[in-house]
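These notes concern the structure reproduced below.
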Amino acid sequence: MKLDIKSMNQEEITAQLKELGEPAFRGKQIFVWLHKGVTSFDHMTNLSKSLREKLKEHYFITVPQIERKLVSQIDGTIKYLWRLGDGNCIETVLMKYKHGNSVCISTEVGCKMGCVFCASTQAGFVRRLEASEILDQVLFTQIDSGEPISNIVLMGIGEPLDNYDNVMKFLHLVNHPDGMNIGMRHISLSTCGLVNQIDRLAESDLQLTLSVSLHAPDDETRNKLLPINRSTGAEKLMKACRAYFQKTGRRISFEYAMIDGVNDSDQQADMLAKHLKGMPGHVNLIGLNDIKESPLKPSKRVAAFQKRLESHGITATVRRKLGSDIDAACGQLRRSMLEKSQEGSKGDVK
Ligand code: SAH
């Protein structure tokens with residue numbers, strides 16, 4: 001069986017090459033090529049033909065295909081639906097800001113977290129992405145769009161902390177000076193709140209930004225919206241967040257999608273403020289993306305809720321919406337594609 005060479009770090013590639021009887025510097029050469037986005041060993045022109053043939057025998061290079069590409073006429077946001085080597089599809093969104101381009105990437109095919117407002121989880125979970133497949137989204141978005149990428153958010157399809165090892169591998173790959181060299185401080189990882197994994201992440205002491213999808217301060221509401229909360233509870237989650245800040249010194253960003261009549265009351269703002277007391281955090285208020293078949297509707301109290309939080313000394317910003325004309329919210333494109341293929345060939349969906 002051939003091995004996925006792009007999921008390997010430079011030391012692993014070097015060790016593999018050593019086994020093939022090659023000098024150590026070949027490891028770096030191959031790593032550099034892979035992280036430039038070459039699609040074939042034949043493009044590695046500083047390697048001999050015989051080495052290239054040997055590499056082909058033992059390894060493969062992942063190359064996602066563009067299944068669909070949508071460009072927003074409003075703000076230039078680009079959304080990619082990629083087809084992976086095994087036929088599965090995932091989404092990536094490129095957002096253009098004054099301070100640089102940011103890419104929102106997926107970490108799993110589907111999601112098992114079951115959050116009721118989220119399109120990514122509705123068709124269930126298929127599999128975790130390999131480190132190479134996570135990296136490819138950054139690499140090939142940059143190559144295809146011609147836009148240099150300076151920031152990454154792990155906020156696409158999937159739960160990054162449910163794919164902990166591959167996500168860690170990816171973070172080290174994308175951060176490598178011989179690769180894309182994107183600084184940890186330019187990377188945000190978003191989680192629905194896997195407490196044990198937040199503790200693990202704190203121990204790894206990376207300088208990335210942790211975003212926690214809180215969405216409700218009280219267990220009654222949070223249990224309904226995010227099933228993961230039923231086993232942990234908001235109190236334990238906030239405790240893990242406090243410990244994370246103490247260990248890393250990095251302030252956490254709390255995501256809060258505003259839902260009409262569900263999580264947008266003044267009492268809930270007060271409770272949220274109480275949770276955040278003594279912890280330098282930041283609340284990111286998000287207008288709920290109206291997803292099909294969902295009874296949940298966007299709140300009309302965003303400004304009032306923000307004001308209430310601010311009256312408690314909590315910084316809260318309202319997220320600017322990008323790409324609204326191209327269904328840029330995560331999970332929506334893959335889902336509409338799945339629905340279409342279900343109509344076309346029932347039972348034939350990957
Ligand atoms: N699993 C991770 C990352 C993916 S979701 C997490 O839960 O954080 C990225 C963000 O989009 C999360 O904050 C998620 O709660 C939010 N989100 C999902 N569906 C949404 C919707 N319909 N409207 C607004 N935000 C949504």
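Every number for a ligand or one of its atoms is a count from 1 in the order of the listing. Side-chain atoms are counted along with the backbone in the values below, which use heavy atoms only and exclude waters and symmetry mates.
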Keeping to residues at least two apart or across chains, list the salt bridge (Lys or Arg N to Asp or Glu O under 4.0 Å) pairs with something in residues 247-262.
E255-R319, D260-K300
Tell me the side chain to side chain donor-acceptor pair (under 3.5 Å) pairs involving residues 169-178, sequence neighbours left out?
Q10-D178
Check against side-chain hydrogen bond (donor to acceptor under 3.5 Å, both in side chains), T62 and D136
CA-CA 8 Å; T62 50; D136 281 343; 2.7 Å; yes
Could you tell me if R83 and Q65 have a donor-acceptor pair between their side chains, going purely by distance under 3.5 Å?
no
Within the 3.5 Å criterion, strictly below it, is a donor on T191 or E159 matched to an acceptor on the partner's side chain?
yes
Distance under 4.0 Å to a non-hydrogen atom of [X]: what atoms of ligand 1 satisfy this?
{"X": "C192", "value": "6 (C), 7 (O), 8 (O)"}
{"X": "L288", "value": "21 (C), 22 (N), 23 (N), 24 (C)"}
{"X": "G156", "value": "4 (C)"}
{"X": "E255", "value": "13 (O)"}

Test of understanding: given a 4.0 Å heavy-atom threshold, classify the contact between T191 and ligand 1 as side chain, backbone, both, or neither.
backbone
Salt bridge check, E91 against K79: does any charged N sit closer than 4.0 Å to a carboxylate O?
yes
Hey, looking at [atom], which of [options] has the closest heavy atom?
{"atom": "atom 18 (C) of ligand 1", "options": "C118, S211, G158", "result": "C118"}
{"atom": "atom 2 (C) of ligand 1", "options": "S190, S253, A257", "result": "S190"}
{"atom": "atom 16 (C) of ligand 1", "options": "H215, M155, M113, R319", "result": "H215"}

